[in-house]
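The structure under discussion appears below in the form of structure tokens.
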Amino acid sequence: MSAERTNWAGNLTYAATLIHTPASVEELQELVARTGRIRALGSRHSFSDVADTTGELVSVAGLPPPVDVDAAARTVTVAAGLRYGDVAEELHRQGWALHNLGSLPHISVAGAVATATHGSGDGNGNLATAVAGLHLVRADGELVTLRRDDPDFDGAVVALGALGVVVAVTLDVVPAFEVRQVVYDDLPLRTVAERFDEIFAAAYSVSVFTDWASGTARGWVKHRVEDGDGWTPDPHWLGARLADGARNPVPGMPAANATEQQDVAGPWYDRLPHFRLEFTPSSGAELQSEYLVPRDHAVEAFGALARLAGRIAPLLHISEIRTVAADDLWLSSSYGRDVAGFHFTWKQDPDGVGPVLAEIERALAPYDARPHWGKLFTVDPGQVRERYPRLADFRRLRGAYDPDGRFGNAFLDRYIG
Ligand SMILES: Cc1cc2nc3c(=O)[nH]c(=O)nc-3n(C[C@H](O)[C@H](O)[C@H](O)COP(=O)(O)OP(=O)(O)OC[C@H]3O[C@@H](n4cnc5c(N)ncnc54)[C@H](O)[C@@H]3O)c2cc1C
């Protein structure tokens with residue numbers, strides 16, 4: 001049991017008074033079956049109250065941590081509470097890789113999957129799209145397995161903890177690969193608007209960071225090394241310059257905390273995330289928000305945000321723009337459409353940030369933007385619900401898995417209903 005009751009950023013104290021850490025799946029099954037109201041907690045990196053409950057919380061971080069590769073099926077089955085960073089190192093050792101990672105390797109697999117956590121790349125689905133199977137404890141304490149050919153599967157992967165406690169996840173793997181990462185300074189914001197598609201198509205994974213105030217951005221370009229490819233980064237790119245040293249995406253934070261850049265080839269897991277596993281990611285003293293906008297509207301949305309630069313910039317550490325490929329997962333922020341993610345790492349000033357979020361949300365409303373489930377937003381719950389066409393199907397699924405709403409919480413009441 002844990003006495004610590006705050007999330008990673010410290011902006012949220014969980015209402016739950018008990019946080020259990022069972023050491024075996026059987027112990028977890030008994031706990032779930034006998035506890036009235038209970039929810040799974042991951043590595044606590046969400047800023048929203050998505051994980052919280054007025055009942056009890058349970059972490060699966062204490063379960064045995066297998067990383068079992070099935071080379072013939074090209075999958076790996078991992079304990080749900082493992083951090084991506086731990087899974088990745090073991091996978092790489094065995095010659096395998098995941099298709100993509102988020103900006104930090106510190107988050108748990110189950111928690112990331114449950115909220116549709118994503119990295120970047122026009123051709124890369126979010127991290128939940130790699131899920132080929134889920135092993136979860138339902139409200140009645142039964143351990144069930146769901147695979148891709150199951151009719152409920154697309155509803156069960158990004159499930160916000162509403163269907164049960166996931167104990168293991170089977171993920172697709174690909175042969176291990178290397179990535180070369182370079183950063184470009186002083187990419188004009190005008191050019192980001194004018195050449196948006198070209199910028200994000202430039203490499204396997206591209207992120208654009210801006211403070212909205214300087215009129216420029218930094219481009220984080222992650223090139224997947226293919227045998228015999230002759231890729232060499234141009235010293236100049238669309239008006240930007242190749243950085244003359246290592247950078248941290250967050251201004252003022254040490255470059256040593258960020259993964260290696262300057263075109264040095266390295267393993268996928270040590271280049272696709274921006275932050276190194278052994279250091280605190282991002283800033284720490286922060287809040288985060290993100291809105292996933294259909295790619296067709298990305299440039300208009302960018303323009304709408306640029307018009308709010310004077311409101312956004314004083315409260316901001318940094319903003320990041322990424323792209324994510326469409327998927328079929330009902331509650332995924334990229335369900336049914338390619339999206340561009342407009343992310344904000346805010347200073348830890350909730351009173352200042354709240355009203356600006358409302359302005360951003362008004363500006364993005366015409367583009368049907370879906371807020372990131374794990375970050376902060378103030379969008380009207382009715383509008384959020386309208387943006388998920390399979391919500392009614394998800395409600396039916398929830399009714400079947402958890403008829404008494406024991407995995408429910410205030411967040412699900414608001415946004416799922
Ligand atoms: C510094 C930082 C950087 C980030 N970078 C990115 C990024 O690059 N891309 C991005 O998309 N997001 C990013 N995020 C957001 C983060 O990935 C999500 O909030 C994610 O859900 C956090 O995972 P977690 O393990 O901490 O889950 P928690 O926050 O603990 O829980 C999130 C949800 O997952 C559910 N859950 C957790 N474990 C289980 C389980 N075993 N079974 C069932 N449900 C479970 C919980 O019930 C809850 O609903 C970042 C957050 C931080 C703090």
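Both ligands and their constituent atoms are indexed starting at 1 by order of listing.
- Aromatic ring centroids of F47 and W346 lie 6.0 Å or more apart.
- Summary of contacts: the protein heavy atom closest to atom 42 (N) of ligand 1 is V166 N, 2.8 Å.
- Of the N or O atoms in R39, one or more lie within a sub-3.5 Å distance of an N or O in ligand 1.
- Under a 4.0 Å heavy-atom criterion, F411 is not in contact with ligand 1.
- With a heavy-atom cut-off of 4.0 Å, T117 touches ligand 1 through backbone and side chain alike.
- Between Y269 and F177, the distance separating the two ring centers is not shorter than 6.0 angstrom.
- Remark: ligand 1 and W8 share no N or O pair separated by less than 3.5 Å (distance only, no angle test).
- Between W220 and F209, the ring center distance clears the sub-6.0 Å criterion.
- With distances taken over non-hydrogen atoms, the option nearest atom 12 (N) of ligand 1 out of H372, H45, H274, E320 is H372.
- Numbered from 1 in the order shown, with element, the atoms of ligand 1 that lie under 4.0 Å from a heavy atom of S108 read 25 (O).
- For the pair D393 and R390, the salt-bridge criterion is met [side-chain N within less than 4.0 Å of a carboxylate O].
- In terms of protein heavy atoms, atom 3 (C) of ligand 1 is closest to L104 CD2, 3.4 Å.
- Checked for salt-bridge contact, R218 and D186 miss the test: no charged N lies under 4.0 Å from a carboxylate O.
- Residue-level proximity to ligand 1 for T115 is carried by the side chain, the only part with a heavy atom below 4.0 angstrom.
- Among protein heavy atoms, atom 29 (O) of ligand 1 sits closest to S46 OG, 2.7 Å.
- Put simply, no part of H106 is less than 4.0 Å from ligand 1, judged by heavy atoms.
- Taking only nitrogen or oxygen atoms, main chain and side chain alike, A40 reaches within less than 3.5 Å of ligand 1.
- Here Y388 and W373 bring their ring centres to under 6.0 angstrom of each other.
- Rounded to the nearest 0.5 angstrom, H45 NE2 and S108 OG are separated by 9.0 Å.
- The structure places CD1 of I199 at 12.0 Å from OH of Y184, a figure rounded to the nearest 0.5 Å.
- A salt bridge is defined here as a Lys NZ or Arg NE, NH1 or NH2 lying under 4.0 Å from an Asp or Glu carboxylate O, and K347 with D349 fails to meet this definition.
- Atom 14 (N) of ligand 1 has its closest protein heavy atom at K375 CE, 3.8 Å.
- For ligand 1, one of its N or O atoms has an N or O atom of R44 under 3.5 Å away.
- For atom 23 (O) of ligand 1, the nearest non-hydrogen atom of the protein is G111 C, 3.4 Å.
- Annotation: side chain of R398 is in contact with side chain of I416 (closest heavy-atom distance under 4.5 Å).
- Contact annotation: for R322 versus ligand 1, heavy atoms closer than 4.0 Å belong to the side chain alone.
- Under a 4.0 Å heavy-atom criterion, A9 is not in contact with ligand 1.
- At under 3.5 Å, not a single nitrogen or oxygen of A114, backbone or side chain, sits near a nitrogen or oxygen of ligand 1.
- Atom 43 (C) of ligand 1 has its closest protein heavy atom at G164 O, 3.4 Å.
- Distances between N or O atoms of G42 and those of ligand 1 include at least one value under 3.5 Å.
- Remark: ligand 1 atoms within the under-4.0 Å shell around heavy atoms of V50 are 49 (O).
- Between E290 and R322 there is a salt bridge, since at least one side-chain N of the basic residue sits less than 4.0 Å from a carboxylate O of the acidic one.
- Selection from S103, A168, A80, G81 by nearest heavy atom to atom 5 (N) of ligand 1 gives S103.
- Taking only nitrogen or oxygen atoms, main chain and side chain alike, G102 does not reach within less than 3.5 Å of ligand 1.
- Using 4.0 Å as the threshold, A162 has no heavy atom nearer than that to any atom of ligand 1.
- For R224 and E226, the salt-bridge test passes: some basic side-chain N is under 4.0 Å from an acidic carboxylate O.
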